[in-house]
Amino acid sequence: MCTKDNRPFSIVDDEGFKEFVWELNLGFKMTSRWTVARDCIEIYEQEAKKVKEMLKGQTTCLTMDTWSSIRNVNYMYLMALWIYDAWVLQKKILNFCPIENHRGETIGTLVYECIQRWGIEIVFTVTVDDASSNDRAIRFLKRMLKGPNQIVNIFTFVVMQISSILSLEMVWNRNSILLLEFKM
C-alpha cells in the first residue's frame, strides 16, 4: 500500500489506519514502519536483480530528462528500453532522483554511474531534449563509453508546442533494420 498509493511508511502508526485494519481483521498484527520499509527495500532489490539479469548482453536505448520542481529542486530520470525474448519491448525507469544541478558533467556522471550500476553493456541510443547541458552530458558519456559499449547513435528531440501529438514508434522491417517512424 505504501508504494502503490505513495503513502509514507509511518501510516502504519496512525490510529485511524490501525482502527481500519482492526475492523477488517481482528487478528491482524500490525508491523512497524521500519518493517514495512525494510520489506519494500527487499522487494525492490529482488526486482532490480531481475532487471539486471534481463539487461545482460542487450542492446539498450536510453532516454533521460532533467527539470526543476516548483520548489527549485532539480530532478533527473533515466529510462532503458530494449527488445527482450520474443521481440517484446521492455522499458524500465532505472533512476529517478534529485540531481545537484543541470550541468552537463553532473548529468553525464550520473547517467554513466547508472549504466555501470545496472550492468548495461551496449548503448545503442541516448535520447535527450535540446538543452545545451545535454550536449555536454553526451560529450561526457562519449568519452566514458569507449570500446564495445560505446554509444552508437544520439537523438535530440526538440519539444515544441503543436496542436497534434507526435509519437515515436520503433518498427522492424523484414531485414531487421530499426526504423523510427513518426505517427500523427
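All values reported here derive from a predicted model rather than from experimental measurement. Along the sequence shown, the residues carry numbers beginning at 1.
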(request) Write down the atom of Gly57, the atom of Ile122, and the distance for their closest heavy-atom approach. (result) O-CD1, 4.3 Å
(request) Kindly indicate whether the side chain of Leu110, heavy atoms from C-beta on, has any atom under 4.5 Å from the side chain of Met76. (result) yes
(message) Checking the side chain of Asp14 only, and the main-chain atoms of Gly16 only, is there a donor and an acceptor separated by less than 3.5 Å?
(response) no
Atom pairs and distances, donor-acceptor, side-chain atoms in residues 93-108, under 3.5 Å, two or more places apart:
from   : atom 1 : to     : atom 2 : distance (Å)
Asn101 : OD1    : Arg103 : N      : 3.0
Asn101 : OD1    : Thr106 : OG1    : 2.8
His102 : ND1    : Thr66  : OG1    : 3.1
His102 : NE2    : Ser68  : OG     : 3.0
His102 : NE2    : Asn74  : OD1    : 3.0

(request) Taking the side chain as every heavy atom from C-beta outward, state whether Lys56 and Glu53 have any pair of such atoms under 4.5 Å apart. (result) yes
(message) Quick check: do Met64 and Met79 have side-chain heavy atoms less than 4.5 Å from each other?
(response) no
(request) State plainly whether the residues Lys50 and Glu47 are in salt-bridge range, i.e. N to O under 4.0 Å. (result) yes
(request) Is it possible for you to say whether Trp118 and Tyr84 belong to one hydrophobic cluster, with membership spreading through side-chain heavy-atom contacts below 4.5 Å? (result) yes
(message) Do Val126 and Thr63 make a side-chain contact, defined as non-hydrogen atoms from C-beta onward lying under 4.5 Å apart?
(response) no
(request) Check Gln58 against Met54 and note the closest heavy-atom contact, atom names and distance. (result) CG-O, 3.0 Å
(message) Is there a side-chain contact between Trp22 and Phe28 in this structure, where contact means two heavy atoms from C-beta onward sitting under 4.5 Å apart?
(response) no
(request) Indicate, with yes or no, if Phe20 and Leu26 share a hydrophobic cluster defined by side-chain heavy-atom contacts under 4.5 Å among Ile, Leu, Val, Met, Phe, Trp and Tyr. (result) no
(request) Measure the spacing between CH2 of Trp34 and CG of Asp13 and express it to the nearest 0.5 Å. (result) 9.5 Å
(request) Compare all side-chain heavy atoms of Leu141 with those of Val123 and state whether any distance is below 4.5 angstrom. (result) no
(message) To the nearest 0.5 Å, what is the distance between CD on Gln46 and CD1 on Ile41?
(response) 12.5 Å
(request) State, with a plain yes or no, whether a side-chain heavy atom of Asp65 is found less than 4.5 Å away from one of Val128. (result) no
(request) Compare all side-chain heavy atoms of Thr60 with those of Leu81 and state whether any distance is below 4.5 angstrom. (result) no
(message) Starting from Leu24, can I reach Ile11 by hopping between I/L/V/M/F/W/Y residues whose side chains sit under 4.5 Å apart?
(response) yes
(message) Please give me the minimum heavy-atom distance between Phe124 and Cys61, naming the atom from each residue.
(response) CD2-SG, 3.9 Å
(request) Please assess Met30 against Phe17 for the test side-chain contact (heavy atoms from CB on, under 4.5 Å), listing each intermediate value before the final yes or no. (result) CA-CA 10 Å; Met30 187 63 64; Phe17 184 77; 3.8 Å; yes
(request) Report the distance from atom CD of Glu23 to atom NZ of Lys18, rounding to the nearest 0.5 Å. (result) 15.0 Å
(request) Measure across Phe9 and Val36 and return the closest heavy-atom pair with its distance rounded to 0.1 Å. (result) CD2-CG1, 3.7 Å
(request) List the atom of Thr59, the atom of Trp82, and the distance in Å for their closest heavy-atom pair. (result) O-CB, 3.6 Å
(request) Identify the two heavy atoms, one from Ser32 and one from Val12, that lie closest to each other, and give their separation to 0.1 Å. (result) C-CG2, 3.8 Å
(message) So does Arg71 get a backbone contact from the side chain of Ser69, meaning a donor-acceptor N/O pair under 3.5 Å?
(response) yes
(message) Would you say OH of Tyr44 has more than 12 non-hydrogen atoms from neighbouring residues, nucleotides or ligands within 6.0 angstrom?
(response) no
